[in-house]
**Q** 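This is the structure I have questions about; it appears just below.
Heavy-atom basis, side chains included; hydrogens, waters and symmetry copies ignored. Just so you know, these numbers come straight off a predicted model, no measurement behind them.
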Amino acid sequence: MVVVSESLVDKINRLRKEKNAVILAHYYQRGEIQDIADYIGDSLELAKKAQNTDADMIVFCGVRFMAETAKILNPDKKVLHPNPESGCPMADMATVERVSKLKQQYPDAVVVSYINTNADVKTVSDIIVTSRNAVKVVKSLDAKRIIFVPDQFLGGYIAKQVPEKEFILWKGFCPPHFNLSKEALLELKRKYPDAKIAVHPECNTDTVEIADFVGSTTQIIEFATTCDSDVVIIGTEVGIEHTLKKKNPNKKYVFPQAADYCGAVHCCDMKKNTLDKVAQVLEEEINEVILPEEVIEKARIPLERMLELS
Ligand code: 13P
Ligand code: SF4
């Protein structure tokens with residue numbers, strides 16, 4: 001008798017059915033993870049999916065703050081993170097102590113935190129934003145003064161769109177996006193003069209200024225696959241190439257070389273989740289996201305405030 005061992009994908013499919021689990025994945029995940037996910041999306045879409053799922057278990061394929069967000073919105077569900085080592089260096093640049101101090105220093109200011117923050121920082125935030133809704137949310141606030149945490153470049157981008165408010169910007173940044181220079185984009189533009197440039201607002205200000213389009217990962221995908229140029233220069237993490245090619249294989253997507261990185265913009269943390277780790281957490285129910293009850297209760301308030309507005 002020949003015994004055929006179950007493939008990793010078959011195993012994941014069997015387990016997710018048996019356990020009524022949903023697999024959520026960000027666009028920067030490895031292609032093979034995007035292929036098995038129930039939903040792929042940007043941070044806002046994934047937070048919404050996590051909020052509305054009727055699954056008993058969520059396997060979150062993204063970095064830690066994303067898995068934590070799913071837990072905060074679903075305290076009664078089991079949220080599993082395939083690799084707990086997958087964090088976001090920018091989120092780690094903001095600490096709850098320093099944000100609280102800044103809040104005391106500017107008592108009239110509203111603390112607007114990017115979703116790329118750790119759960120404890122969310123507990124001292126008034127409202128959360130993502131790259132997709134940041135301008136809209138900040139515009140809707142009554143406060144004149146905004147403390148924006150932790151991405152100075154997304155903060156600077158919002159400040160330009162909302163000149164009526166005063167911004168106190170935290171000095172954090174996303175290392176992979178920071179290393180994408182304007183020159184790298186212009187070099188490609190010389191090679192493909194008819195190409196459009198689409199970038200993520202985490203890129204540094206010079207880079208954002210020369211773009212034809214600025215948006216979240218999903219918005220970049222929508223723009224690049226539907227705009228009237230055959231070639232699109234993509235200023236964000238290379239993981240989105242997988243969905244770009246699937247959505248519209250007739251176009252050419254070019255990724256500039258980022259300084260200090262051996263290749264295109266690459267987030268090592270996003271790539272720490274692997275297919276075998278997804279299968280393992282589903283099987284053994286390990287790497288559960290556990291947060292103190294008090295943190296969940298406090299962090300949920302600014303997150304829900306954002307979700308109500310979007
Ligand atoms: P999006 O919200 O655009 O998916 O971005 C999340 C992120 O971490 C980008 O680096
Ligand atoms: Fe964090 Fe940047 Fe990686 Fe996004 S791409 S998870 S902001 S380090």
Side-chain angles (χ1 to χ4, degrees), residues 22-29 33-34 37-53 55 58-74 77 79 81 88 90-91 94 110-119 121-122 125-141 146 148-151 153-155 157-158 161-162 172 174 177 198-203 208 213-225 235-237 239-240 243-244 247 267 269-270 289 299-310:
V22 67
I23 302 175
L24 305 181
H26 188 265
Y27 287 116
Y28 297 164
Q29 292 293 289
I33 289 187
Q34 295 186 39
D38 293 292
Y39 300 103
I40 325 172
D42 63 20
S43 306
L44 181 63
E45 291 167 323
L46 293 174
K48 283 183 175 172
K49 281 284 173 211
Q51 191 189 32
N52 298 321
T53 183
I58 300 172
V59 177
F60 206 108
C61 302
V63 288
R64 195 179 312 113
F65 76 81
M66 296 180 173
E68 282 181 351
T69 300
K71 180 67 185 176
I72 293 163
L73 295 171
N74 288 284
K77 291 192 199 243
V79 178
H81 190 198
C88 168
M90 174 162 67
V110 163
V111 177
V112 179
S113 289
Y114 191 20
I115 198 164
N116 297 40
T117 40
N118 294 321
V121 170
K122 289 188 172 78
S125 304
D126 295 302
I127 193 158
I128 306 299
V129 297
T130 75
S131 57
R132 180 191 272 259
N133 64 14
V135 171
K136 183 183 159 197
V137 169
V138 171
K139 265 190 182 160
S140 77
L141 300 172
I146 307 289
F148 190 81
V149 182
D151 186 359
F153 296 110
L154 175 61
Y157 174 72
I158 304 165
Q161 323 286 316
V162 194
C174 160
H177 282 92
V199 306
H200 198 278
E202 286 173 14
C203 292
V208 169
F213 182 82
V214 183
S216 76
T217 47
T218 300
Q219 289 174 317
I220 291 174
I221 290 167
E222 282 164 7
F223 172 81
T225 53
T236 194
E237 214 270 353
I240 78 165
T243 299
L244 285 169
K247 279 212 158 177
C267 177
D269 277 277
M270 280 281 183
V289 177
R300 196 163 57 223
I301 299 167
L303 266 169
E304 285 183 342
R305 214 168 264 162
M306 167 189 79
L307 291 168
E308 276 161 27
L309 281 175
S310 26

**Q** Heavy-atom distance under 4.5 Å between the side chains of Asp151 and Asn116, does that happen here?
**A**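 No, side chains not in contact.
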
**Q** With a 4.5 Å heavy-atom cut-off, do Met90 and His177 have their side chains touching?
**A**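 Result no, sub-4.5 Å side-chain heavy-atom pair not found.
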
**Q** If I compare all heavy atoms of Ala91 with all of Asn118, which pair ends up nearest, and what's the gap?
**A**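 Shortest heavy-atom contact: O-ND2, 3.6 Å.
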
**Q** Enter the distance from Ser140:OG to Met306:CE here, rounded to the nearest 0.5 Å.
**A**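 It is 12.0 Å, given to the nearest 0.5 Å.
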
**Q** How close do Ala198 and Ile220 get, heavy atom to heavy atom, and via which atoms?
**A**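 Ala198 and Ile220 have their closest heavy atoms at CB-CG2, 4.0 Å.
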
**Q** Please check this pair: side chain of Glu68 against backbone of Ala119, looking for a donor-acceptor N/O pair closer than 3.5 Å.
**A**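 Yes, the answer is positive, given that a donor and an acceptor are paired below the 3.5 Å cut-off.
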
**Q** To the nearest 0.5 angstrom, please state how far the CD1 atom of Ile127 sits from the CG atom of Leu307.
**A**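 Reported to 0.5 Å precision, the distance equals 9.5 Å.
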
**Q** What I'd like to find out is whether the side chain of Ile58 reaches to under 4.5 Å of the side chain of Lys49, using heavy atoms alone.
**A**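 A side-chain contact is absent here, since even the closest heavy-atom pair is not under 4.5 Å.
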
**Q** Looking at every non-hydrogen atom in both residues, tell me the closest pair between His26 and Ser43 and how far apart they are.
**A**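 That closest heavy-atom pairing would be CD2-N, 4.2 Å.
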
**Q** Measure the shortest side-chain to side-chain distance between Ile128 and Tyr114 over non-hydrogen atoms and say whether it is less than 4.5 angstrom.
**A**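 Ile128 vs Tyr114: side chains apart.
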
**Q** Ignoring hydrogens and geometry, is there a side-chain-to-backbone donor-acceptor pair from Glu45 to Asp42 under 3.5 Å?
**A**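 Yes; judged by distance alone, with no hydrogens or angles, the pair exists.
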
**Q** With no hydrogens and no angle check, do the side chains of Ser125 and Ser113 hold a donor and an acceptor under 3.5 Å apart?
**A**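 Result is yes, a qualifying pair exists.
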
**Q** I want to check something: taking the side chain as every heavy atom from C-beta on, are Glu202 and Glu237 in contact at a cut-off of under 4.5 Å?
**A**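 Counting from C-beta outward, Glu202 and Glu237 never come under 4.5 Å.
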
**Q** Roughly how far, to the nearest 0.5 Å, is CG of Leu154 from OG of Ser216?
**A**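 The distance works out to 11.0 Å.
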
**Q** Using a 3.5 Å distance criterion without hydrogens, assess whether the side chain of Lys122 forms a donor-acceptor pair with backbone atoms of Ile115.
**A**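 Yes, Lys122 side chain to Ile115 backbone: donor-acceptor pair under 3.5 Å.
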
**Q** Nearest 0.5 angstrom please: His81 NE2 to Arg64 CZ, how far?
**A**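 One gets 7.0 Å once the value is rounded to the nearest 0.5 Å.
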
**Q** Can you give me the closest heavy-atom contact between Ile221 and Thr225, atom names plus distance?
**A**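 Here Ile221 and Thr225 meet closest at O-OG1, 2.7 Å.
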
**Q** ring-ring contact (aromatic ring centres under 6.0 Å, His included) with Phe148: which residues, sequence neighbours excluded?
**A**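 In terms of ring-ring contact (aromatic ring centres under 6.0 Å, His included), with neighbours along the sequence ignored, Phe148 is linked to no residue.
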
**Q** Would you say Thr53 and Lys77 make side-chain contact, with heavy atoms under 4.5 Å?
**A**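 Thr53 vs Lys77: side chains touch.
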
**Q** At their closest point, which heavy atom of His200 faces which heavy atom of Val214, and how far apart are they?
**A**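 For His200 versus Val214, the nearest heavy atoms are C-CG1, 4.4 Å.
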
**Q** Given Val112, which of Ile158, Asp126, Leu141 fulfils the side chain to side chain contact (heavy atoms under 4.5 Å, CB included) condition?
**A**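 Only match with Val112 under side chain to side chain contact (heavy atoms under 4.5 Å, CB included): Leu141.
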
**Q** What closest approach, in Å, do Ala67 and Val79 show between heavy atoms, and which atom pair accounts for it?
**A**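 Scanning both residues, the minimum pair turns out to be O-CG1, 3.6 Å.
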
**Q** If you measure from CD1 on Ile40 to CD1 on Ile240, what distance do you get to the nearest 0.5 Å?
**A**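 It is 11.5 Å, given to the nearest 0.5 Å.
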
**Q** Under the rule for salt bridge (charged side-chain N to carboxylate O under 4.0 Å, His left out), what residues qualify as partners of Arg300, not counting sequence neighbours?
**A**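 Salt bridge (charged side-chain N to carboxylate O under 4.0 Å, His left out) check on Arg300 returns Glu304.
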
**Q** Do Tyr28 and Thr236 have side chains that get closer than 4.5 Å, going by heavy atoms?
**A**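 They are in contact (side-chain heavy atoms under 4.5 Å apart), so the answer is yes.
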
**Q** Please check if the side chain of Asn74 supplies one atom and the backbone of Ala50 the other of a donor-acceptor pair under 3.5 Å.
**A**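 Looks like yes, one N/O pair under 3.5 Å.
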
**Q** For residues Ile72 and Leu303, determine if any side-chain heavy atom of one lies less than 4.5 Å from a side-chain heavy atom of the other.
**A**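 They are in contact (side-chain heavy atoms under 4.5 Å apart), so the answer is yes.
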
**Q** Starting from the C-alpha separation in whole Å, work towards a yes-or-no answer on side chain to side chain contact (heavy atoms under 4.5 Å, CB included) for Thr69 and Phe60.
**A** CA-CA 10 Å; Thr69 300; Phe60 206 108; over 6 Å; no

**Q** Would you call the rings of Phe213 and Phe223 parallel, tilted or perpendicular, where under 30° means parallel and over 60° means perpendicular?
**A**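 Parallel: the ring planes of Phe213 and Phe223 meet at under 30°.
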
**Q** Indicate yes or no for a side-chain donor-acceptor contact from Gln34 to the backbone of Gly239 under 3.5 Å, with no hydrogens or angles considered.
**A**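 Yes, the answer is positive, given that a donor and an acceptor are paired below the 3.5 Å cut-off.
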
**Q** If I take atom SG from residue Cys61 and atom CE from residue Met66, how far apart are they, to the nearest 0.5 angstrom?
**A**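 One gets 11.5 Å once the value is rounded to the nearest 0.5 Å.
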
**Q** Who are the side chain to side chain donor-acceptor pair (under 3.5 Å) partners of Asp269, not counting sequence neighbours?
**A**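 For Asp269, the residues satisfying side chain to side chain donor-acceptor pair (under 3.5 Å) (neighbours in sequence not counted) are Lys272.
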
